[in-house]
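Taking it in order: structure first as structure tokens, then the write-up.
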2 protein chains.
Amino acid sequence: MLTSARSSQFESRRANGVALGEARFDQRLAKILDHATEVFCEKGYEGASMRDIARSTGMSLAGMYHYFGTKERLLYLIQKLSFGKILDRLAQRITQAGGPEQRIRAFIANHLEYFLEHQHAMKVLSHEDDVLTAGYGRKVAELKRDYYRICCNLVEDYKKEENLDFDSRTAVLALFGMMNWIYTWYNPRLDGDAGRLAREMGNIFFGGIANCTRANGRRRRTNLRPHRMSSPARRRPGDALSFL
Amino acid sequence: MLTSARSSQFESRRANGVALGEARFDQRLAKILDHATEVFCEKGYEGASMRDIARSTGMSLAGMYHYFGTKERLLYLIQKLSFGKILDRLAQRITQAGGPEQRIRAFIANHLEYFLEHQHAMKVLSHEDDVLTAGYGRKVAELKRDYYRICCNLVEDYKKEENLDFDSRTAVLALFGMMNWIYTWYNPRLDGDAGRLAREMGNIFFGGIANCTRANGRRRRTNLRPHRMSSPARRRPGDALSFL
DNA sequence: TGTACGTTCGAACGTTCGTTCGATTTTTAT
DNA sequence: ATAAAAATCGAACGAACGTTCGAACGTACA
């Protein structure tokens with residue numbers, strides 16, 4: 001069972017093998033991964049058959065299996081590779097950003113850029129979140145937790161610097177929701193590019209957490225409640241210190 | 001083909017039939033829908049087999065088919081019923097809310113309450129969004145578009161009243177992202193109840209769009225570098241009480 | 001040229017899938 | 001009580017599933 005499928009670049013490196021054969025193997029595997037990503041994206045993991053993928057790649061069914069072994073491992077390789085690339089790009093990008101706010105904005109921009117550049121892969125990553133079992137599932141879950149932690153730490157830094165007080169968990173998860181849900185609605189004609197969306201979502205995020213000072217708790221925004229006749233100060237139930 | 005599966009309450013009403021038989025039919029169908037919802041939630045639509053659902057209901061495979069006809073129609077009935085209930089509850093709730101902001105907050109609260117009360121159904125609704133084909137898919141898509149439009153209109157009202165200027169589409173879709181992504185992370189122990197999440201997400205949403213005045217465009221938030229430690233930290237219970 | 005190995009594929013394996021059929025049992029109406 | 005209708009189920013259908021096998025092919029190095 002599974003006589004081949006070495007998948008050198010992703011799992012283990014052959015003892016002292018000639019790099020030429022390896023490169024070719026990796027290249028072909030990458031091509032299969034691309035086609036499989038598209039098929040998984042369109043039909044879902046369970047809904048896609050290995051024959052669909054074989055047809056898409058132009059290879060034979062059995063020929064493909066030489067490269068990855070099982071369907072589940074195929075999905076694992078796609079998810080691991082995609083997430084790896086995101087994390088790599090993030091590492092580059094985040095170091096060259098200025099303060100805490102800029103680092104969070106860099107995180108958002110990186111996420112959305114990669115998301116829109118690799119929509120198929122990211123839909124597979126988001127949508128087929130819980131199909132991997134046992135070892136594979138655990139490895140991908142670790143990557144995701146790391147990614148979440150990075151964002152949480154950035155937010156914690158920002159909180160300290162700005163002296164804000166809010167629940168990081170809810171804020172970060174809300175941010176991830178905004179960003180990841182995009183695959184259900186993005187339309188380049190209506191929604192612009194990743195930069196614009198990153199700016200908008202960043203604005204919502206920073207605006208949303210801006211009014212929670214450490215000492216005061218959340219406050220009503222102070223600005224321009226238009227001229228409307230002075231109704232009695234509307235306090236929001238449960239919210240401290242809401243005025244005008 | 002499909003000799004039975006009348007599904008009276010959902011599709012059409014029998015000519016003058018005695019309501020007794022109908023009630024029983026609907027009741028049994030509802031029970032099947034419940035079990036199917038749970039199985040679809042756990043294994044996904046394509047990953048779940050009709051035999052899984054039969055086992056869950058305790059009925060025989062063929063006996064079940066009497067009630068819904070096909071697997072696809074089973075999913076359709078689940079989605080239509082769930083969405084119908086959300087819309088009904090929303091209609092009640094939204095009328096008894098005060099101004100535009102309160103109506104949007106009511107929308108958010110209604111969504112999250114229903115979401116957390118019926119997590120399985122809502123995951124199926126969110127996750128199996130594009131598996132229905134042709135007629136079924138169109139009908140559910142219409143419901144979703146209506147729902148989206150309602151929210152958009154509420155936001156437009158709010159924009160006018162507050163004299164704000166921002167892109168409703170992006171804001172509303174970001175809001176839906178925050179709310180719908182919840183099924184991937186919600187943990188009642190860490191995240192509190194629907195009311196708290198609705199308050200938090202509402203705050204993020206309103207804070208996020210608050211600084212866009214019609215005349216000025218977005219501007220950097222002007223406010224309040226906090227007067228720190230003017231008073232001992234006053235934290236509302238349930239608000240900002242979990243870390244990372 | 002020989003040989004060892006990586007690669008490819010047609011064909012098939014056993015299993016599970018959604019669905020249907022015919023018969024039987026249960027409920028309803030007369 | 002009896003006929004009609006609804007509900008239920010065991011068994012099976014053909015199709016599609018993921019995977020494997022063994023033979024053929026290509027290529028690299030002795």
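So you know, we letter chains A, B, ... as the sequences are listed, proteins then strands, and number each from 1. Scope of the values below: all heavy atoms of this structure, side chains included, with no hydrogens, waters or symmetry mates.
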Which pairs of donor and acceptor atoms, one on a side chain in residues 148-157 of chain B, lie under 3.5 Å apart (sequence neighbours left out)?
unit_1: B:Asn153; atom_1: ND2; unit_2: B:Arg149; atom_2: O; d: 3.4
unit_1: B:Glu156; atom_1: OE2; unit_2: B:Ser168; atom_2: OG; d: 2.6

Between P of C:dT19 and CD1 of B:Ile53, the distance in whole Å: 10 Å

Residues A:Tyr45, B:Glu46; criterion side-chain contact (heavy atoms from CB on, under 4.5 Å); working and verdict: CA-CA 9 Å; A:Tyr45 173 76; B:Glu46 302 283 0; over 6 Å; no

Under the salt bridge (Lys or Arg N to Asp or Glu O under 4.0 Å) test, residues paired with B:Glu117 that sit two or more places apart: B:Arg89

Minimum-distance nucleotide to B:Thr70 side chain [options: C:dC17, C:dT19, C:dT27]: C:dT19

Contact residues, residues 37-44 of chain A to DNA chain C [heavy atom, < 4.0 Å]: none

Parallel, tilted or perpendicular: ring planes of B:Tyr183 versus B:Trp181, cut at 30 and 60 degrees: tilted

Sugar-phosphate only, base, or nothing, as touched by B:Ala48 at under 4.0 Å among non-hydrogen atoms: sugar-phosphate

Euclidean distance, atom CE of residue A:Met50 to atom P of C:dC17 [Å, nearest integer]: 18 Å

Whole-Å distance separating the CZ atom of B:Phe25 from the P atom of D:dA7: 6 Å

Polar side-chain atom of B:His127 near backbone of B:Gly44 as donor-acceptor pair, under 3.5 Å: no

Integer-rounded Å distance: D:dA5 P and B:Arg24 CZ: 17 Å

Run the side-chain donor-acceptor check on residues 28-38 of chain B: report pairs under 3.5 Å with partners two or more places apart or on a different chain.
unit_1: B:His35; atom_1: ND1; unit_2: B:Lys31; atom_2: O; d: 3.1
unit_1: B:His35; atom_1: NE2; unit_2: B:Ser56; atom_2: O; d: 3.3
unit_1: B:Thr37; atom_1: OG1; unit_2: B:Leu33; atom_2: O; d: 2.6

Stepwise salt bridge (Lys or Arg N to Asp or Glu O under 4.0 Å) check, B:Arg55 with B:Asp52: CA-CA 5 Å; B:Arg55 200 175 311 118; B:Asp52 290 331; 3.3 Å; yes

Rounded interatomic separation in angstrom, taking CG from B:Asp52 and P from C:dT16: 11 Å

Whole-Å distance separating the CD atom of B:Glu72 from the C1' atom of C:dC17: 16 Å

Nearest-Å distance for atom pair CD/P, residues B:Glu46 and C:dC17: 12 Å

Set of salt bridge (Lys or Arg N to Asp or Glu O under 4.0 Å) partners for B:Lys144, sequence neighbours left out: B:Asp129

Per-nucleotide protein contact string for nucleotides 8-15 of chain C (B base, S sugar-phosphate only, - none; heavy atom under 4.0 Å): BBB-B---

Main-chain N/O of B:Gly192 paired with B:Tyr186 side-chain donor or acceptor, under 3.5 Å: yes

